[in-house]
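In the text below, chain A, chain B and the rest are named by the order of the sequence lines, each starting its count at 1.
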Amino acid sequence: MAQSPLIAQKTEFQRALLAWYRVHQRKLPWRTAPSLYKTVVSELMLQQTQVKTVLPYLARWVEVFPNFKALAAASEEQVVKNWEGLGYYTRARNLHKLAKALIALPAIPETREAWMELPGIGPYTSAAITSISFGTRAAVVDGNVVRILTRLTADATPFRDSASASKALAPLADALLNHDEPGDHNQAMMELGATVCHRNNPLCTICPVLTLCSAGRNGDPESYPKLAAKVIEQRSVSRVWCVQKGKLLLHRTAGDARRLANMHELPAAEHLGLDESAFAGPDAKLIAKKKRGITRFAITESIYELPASRLSKDSLSRTGLVWVAVAEIDTLTLSGPHKRWVSELLRS
DNA sequence: AACCCGGGGCA
DNA sequence: TGCCCAGGGTT
């Protein structure tokens with residue numbers, strides 16, 4: 001890598017990138033009126049989530065929880081409720097824990113290593129927060145940077161996944177980092193990836209570093225990075241729709257569960273101790289068939305309407321089951337898909 | 001290193 | 001429908 005022509009033109013690259021960023025950066029809330037708090041909240045929200053999706057959540061979040069102290073003082077229920085619909089809810093719990101940890105410290109840490117110790121903060125987020133807020137010389141490597149770096153150098157290495165690509169490209173990202181403006185350099189890299197160096201149809205004609213880009217000059221930028229195709233596994237789940245006396249039966253996942261802790265969904269067959277035969281009878285009616293995807297799973301959820309009389313006392317006494325008045329459902333936290341499906345089924 | 005997290009948007 | 005997105009945690 002030391003012999004990379006790109007490294008030899010490092011200064012030219014940095015200047016062109018930063019000059020472009022000064023002019024063309026989008027006005028985003030964490031840039032317009034920056035603060036450590038907004039930077040941290042936005043970075044956690046932006047993990048695996050696009051800018052456009054984050055914007056309304058961030059705006060509401062800083063209204064409800066204006067600073068670390070307010071966030072630390074909030075209940076976990078309130079914190080997760082305000083994350084409802086963003087997905088990957090562990091991020092919300094981690095942000096809550098982080099706020100509590102931070103206000104308990106004698107001083108706000110300013111090193112990447114110290115931030116790495118905090119919940120929800122890994123290699124990317126620690127570099128982003130410390131470079132932007134404290135000028136720490138740490139290069140970020142996210143999906144945008146992977147795309148830019150592999151195109152700049154026409155790096156045809158086949159990567160198993162984006163995590164291994166990030167790790168492999170970290171040295172190059174570090175070597176290119178502008179030590180005078182690490183925060184802006186990092187943001188400029190990501191901004192270039194988000195607005196010019198698109199995955200498909202990259203706008204090479206307006207790219208500030210086209211002359212330094214191997215793939216761009218070769219005319220095949222779209223062929224980078226070379227990532228292995230993800231293997232998707234099909235799964236299916238049966239859910240129960242049961243309304244009695246104006247109340248809907250829901251399942252609340254345990255607070256220490258690995259997935260969807262303290263969140264509500266329509267009860268799955270297993271939550272009621274039912275097997276597939278329970279849905280074969282004449283009083284079970286398939287009322288919806290829905291699909292959801294997460295990471296490597298494509299899940300089909302079949303929702304069966306079942307009369308309450310069909311459920312045994314033993315089934316209904318299982319832990320996590322709750323009867324919720326239809327009017328009260330909005331006060332609970334549901335997973336994004338179930339929030340939509342329940343509201344859809346209640347209307348019909 | 002591999003797997004999990006059970007989201008959401010977009011072409 | 002397939003693929004990507006300002007990833008991190010666990011084993």
Side-chain angles (χ1 to χ4, degrees), chain A residues 25-26 28-31 38-58 83-95 97-98 115-129 131-132 139-148 159-168 170 173 183 186-195 197-201 222 225 227-237 239 253 257-261 263 265-266 268 290-301 334-340:
Chain A
Q25 64 174 283
R26 291 169 293 178
L28 296 172
W30 50 90
R31 290 178 186 156
K38 269 190 274 187
T39 299
V40 171
V41 173
S42 63
E43 288 299 345
L44 270 286
M45 287 186 171
L46 286 162
Q47 289 170 3
Q48 298 300 96
T49 307
Q50 296 182 4
V51 169
K52 185 183 174 184
T53 309
V54 162
L55 290 179
Y57 282 90
L58 180 66
W83 201 274
E84 184 182 47
L86 261 185
Y88 293 116
Y89 297 91
T90 303
R91 295 182 295 171
R93 299 170 203 291
N94 282 337
L95 180 54
K97 286 187 215 162
L98 188 154
W115 277 86
M116 280 279 284
E117 298 301 313
L118 294 165
I121 307 294
Y124 163 78
T125 313
S126 60
I129 292 172
S131 67
I132 293 169
V140 299
V141 185
D142 71 338
N144 290 308
V145 175
V146 166
R147 202 165 54 247
I148 293 170
F159 295 109
R160 181 174 21 70
D161 53 33
S162 58
S164 61
S166 301
K167 191 174 174 184
N186 281 333
Q187 293 200 71
M189 289 288 280
M190 297 189 281
E191 191 75 355
L192 186 67
T195 64
C197 198
H198 298 307
R199 168 171 91 256
N200 300 318
N201 300 317
E222 284 189 0
L227 287 166
K230 220 172 12 173
V231 179
I232 299 296
E233 184 179 324
Q234 302 290 331
R235 291 198 179 178
S236 57
V237 179
R239 301 275 182 183
T253 307
R258 219 150 39 91
R259 308 188 295 222
L260 297 173
M263 296 190 65
E265 292 197 326
L266 292 171
K290 300 289 188 180
K291 291 181 185 298
R292 70 198 289 190
I294 180 64
T295 62
R296 51 179 282 263
F297 299 105
I299 304 156
T300 303
E301 306 209 354
L334 277 70
S335 70
H338 280 238
K339 184 181 170 69
R340 290 193 301 275

Exercise. Are a donor atom and an acceptor atom from the side chains of Arg91(A) and Gln48(A) found within less than 3.5 Å of each other?
Worked result: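 No, no side-chain donor-acceptor pair sits under 3.5 Å.
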For this session: Would you kindly say whether Ser335(A) and Glu265(A) are connected by a side-chain donor-acceptor distance under 3.5 Å?
Result: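 Judged by distance alone, the side chains do pair up.
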For this session: Could you check Thr90(A) against Lys291(A) and say which one's nearest nucleotide on DNA chain C is further toward the 5' end?
Result: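 Nearest-nucleotide comparison on DNA chain C picks Lys291(A).
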For this session: Between Ser42(A) and Leu118(A), name the one whose nearest nucleotide on DNA chain C is closer to the 5' end.
Result: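 So the residue in question is Ser42(A).
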Within this structure, what is the [atom1]-to-[atom2] distance between [X] and [N], rounded to whole angstrom?
X         : N      : atom1 : atom2 : value
Arg235(A) : dC5(B) : CZ    : C1'   : 12 Å
Asn94(A)  : dA6(C) : CG    : C1'   : 16 Å
Trp83(A)  : dG7(B) : CH2   : P     : 13 Å
Asn144(A) : dC3(C) : CG    : P     : 19 Å
Asp142(A) : dC4(C) : CG    : P     : 14 Å
Arg91(A)  : dG7(C) : CZ    : C1'   : 9 Å

For this session: Please examine the side chains of Met190(A) and Ile148(A), heavy atoms only from C-beta on, and report whether any two atoms are closer than 4.5 Å.
Result: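 Side chain of Ile148(A) against side chain of Met190(A), heavy atoms only: no contact under 4.5 Å found.
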Among [options], which nucleotide sits nearest the side chain of [X]?
X         : options                : value
Arg296(A) : dC4(B), dA6(C), dG7(B) : dC4(B)
Phe297(A) : dC4(B), dA2(B), dG7(C) : dC4(B)
Tyr88(A)  : dA6(C), dG8(C), dC5(B) : dC5(B)

Exercise. Less than 4.0 Å between a side-chain N and a carboxylate O, is that true for Lys290(A) and Glu301(A)?
Worked result: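 Here Glu301(A) does not pair with Lys290(A) in a salt bridge, since their nearest N and O are not under 4.0 Å apart.
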Exercise. Does Arg292(A) make a side-chain N or O approach to OP1 or OP2 of dG7(B) shorter than 4.0 Å?
Worked result: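 True: Arg292(A) side-chain N/O within range (under 4.0 Å) of dG7(B) OP1/OP2.
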I'd like a table of atom pairs between the protein and nucleotides 8-11 of chain B - only N or O on both sides, under 3.5 Å - with the distance next to each one.
unit_1, atom_1, unit_2, atom_2, d
dG8(B), OP1, Gly85(A), O, 2.7
dC10(B), OP1, Lys52(A), NZ, 2.6

